[in-house]
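Please read the structure below before turning to the comments.
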Amino acid sequence: MSKYLLLLLLLIGCWSCQKTDDPSILEDEATVVNEIDEDCNQFLISLEPRDSILIRPPVFKPENLSDEFMVDMLKVKISYRITEKRYNSCTYGENFQIINIIKIQKR
């Protein structure tokens, strides 16, 4: 019996070591949006609103979006880190915070 308890504790310990507790890494569901214009062809990430109070969801410029995810209106789940850099949009006349994508997958 004690062998099984020890094995169970070891498995739980190993499983918990794989988690990341880095508070700077955020996870959200989002939509990839193509900011297309005659002067621009950039992709932005529009987060899904977490609560119904938001009129407009947060929008970010990814600095490392791979080609396979450069599809307008693609639904994704992302893990990301917000950087200090900003992107000046030529289409929307705003500037957006730039994010570094840690992990991305299609939904």
Side-chain angles (χ1 to χ4, degrees):
M1 173 101 169
S2 64
K3 291 179 186 178
Y4 293 115
L5 183 57
L6 180 61
L7 180 62
L8 180 63
L9 290 173
L10 285 172
L11 288 174
I12 290 171
C14 290
W15 177 73
S16 64
C17 291
Q18 294 175 359
K19 289 184 181 178
T20 177
D21 292 328
D22 187 345
S24 69
I25 297 176
L26 305 169
E27 290 186 355
D28 279 295
E29 292 186 348
T31 304
V32 177
V33 180
N34 190 357
E35 176 191 28
I36 194 159
D37 190 336
E38 57 196 45
D39 299 325
C40 289
N41 189 13
Q42 298 291 322
F43 287 87
L44 302 174
I45 299 288
S46 177
L47 299 185
E48 300 294 326
R50 288 187 183 176
D51 81 59
S52 59
I53 297 172
L54 287 176
I55 295 170
R56 187 172 146 212
V59 177
F60 297 100
K61 168 72 172 113
E63 67 181 357
N64 60 334
L65 184 65
S66 62
D67 290 346
E68 72 178 286
F69 294 99
M70 291 184 183
V71 178
D72 194 31
M73 303 309 290
L74 179 66
K75 302 286 187 188
V76 295
K77 183 172 180 175
I78 59 171
S79 299
Y80 61 98
R81 184 175 282 126
I82 298 175
T83 71
E84 297 294 319
K85 300 180 261 181
R86 302 205 56 92
Y87 163 73
N88 292 316
S89 168
C90 53
T91 303
Y92 299 116
E94 300 179 44
N95 71 39
F96 300 106
Q97 196 82 39
I98 294 177
I99 60 171
N100 180 274
I101 296 174
I102 310 294
K103 180 180 174 184
I104 186 168
Q105 62 187 24
K106 295 177 185 175
R107 286 193 280 148

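Positions are given from 1, in the same order as the sequence printed here.
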If you measure from [atom1] on [X] to [atom2] on [Y], what distance do you get to the nearest 0.5 Å?
X   : Y    : atom1 : atom2 : value
E29 : I78  : CD    : CD1   : 10.5 Å
L74 : K106 : CG    : NZ    : 6.0 Å
K85 : Q97  : NZ    : CD    : 10.5 Å
L26 : I102 : CG    : CD1   : 9.5 Å

Parallel, tilted or perpendicular for F60 and Y80, by the 30°/60° rule? tilted
Establish whether L47 and F96 are linked, either directly or via other cluster members, by ILVMFWY side-chain heavy-atom contacts under 4.5 Å. no
What about I25 and I82, same hydrophobic cluster or not, with Ile/Leu/Val/Met/Phe/Trp/Tyr joined at side-chain heavy-atom distances under 4.5 Å? no
Would you say that [X] contacts [Y] through its side chain, given a criterion of any heavy-atom pair below 4.5 Å between the two side chains?
X   : Y   : value
T83 : I99 : no
V59 : I45 : no
V71 : F43 : no
L44 : V32 : no
Y87 : E94 : no

Any side-chain to backbone donor/acceptor pair from [X] onto [Y]? Under 3.5 Å, distance only.
X    : Y    : value
D72  : N34  : yes
S79  : E27  : no
N64  : N100 : no
R107 : A30  : yes

Under 3.5 Å, is there a donor-acceptor pair linking the side chains of K61 and Q42? yes
Salt bridge or not between E48 and K75? Use side-chain N to carboxylate O under 4.0 Å.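 Yes, this pair counts.
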Do you know the tightest heavy-atom contact between R81 and S24? NE-OG, 2.9 Å
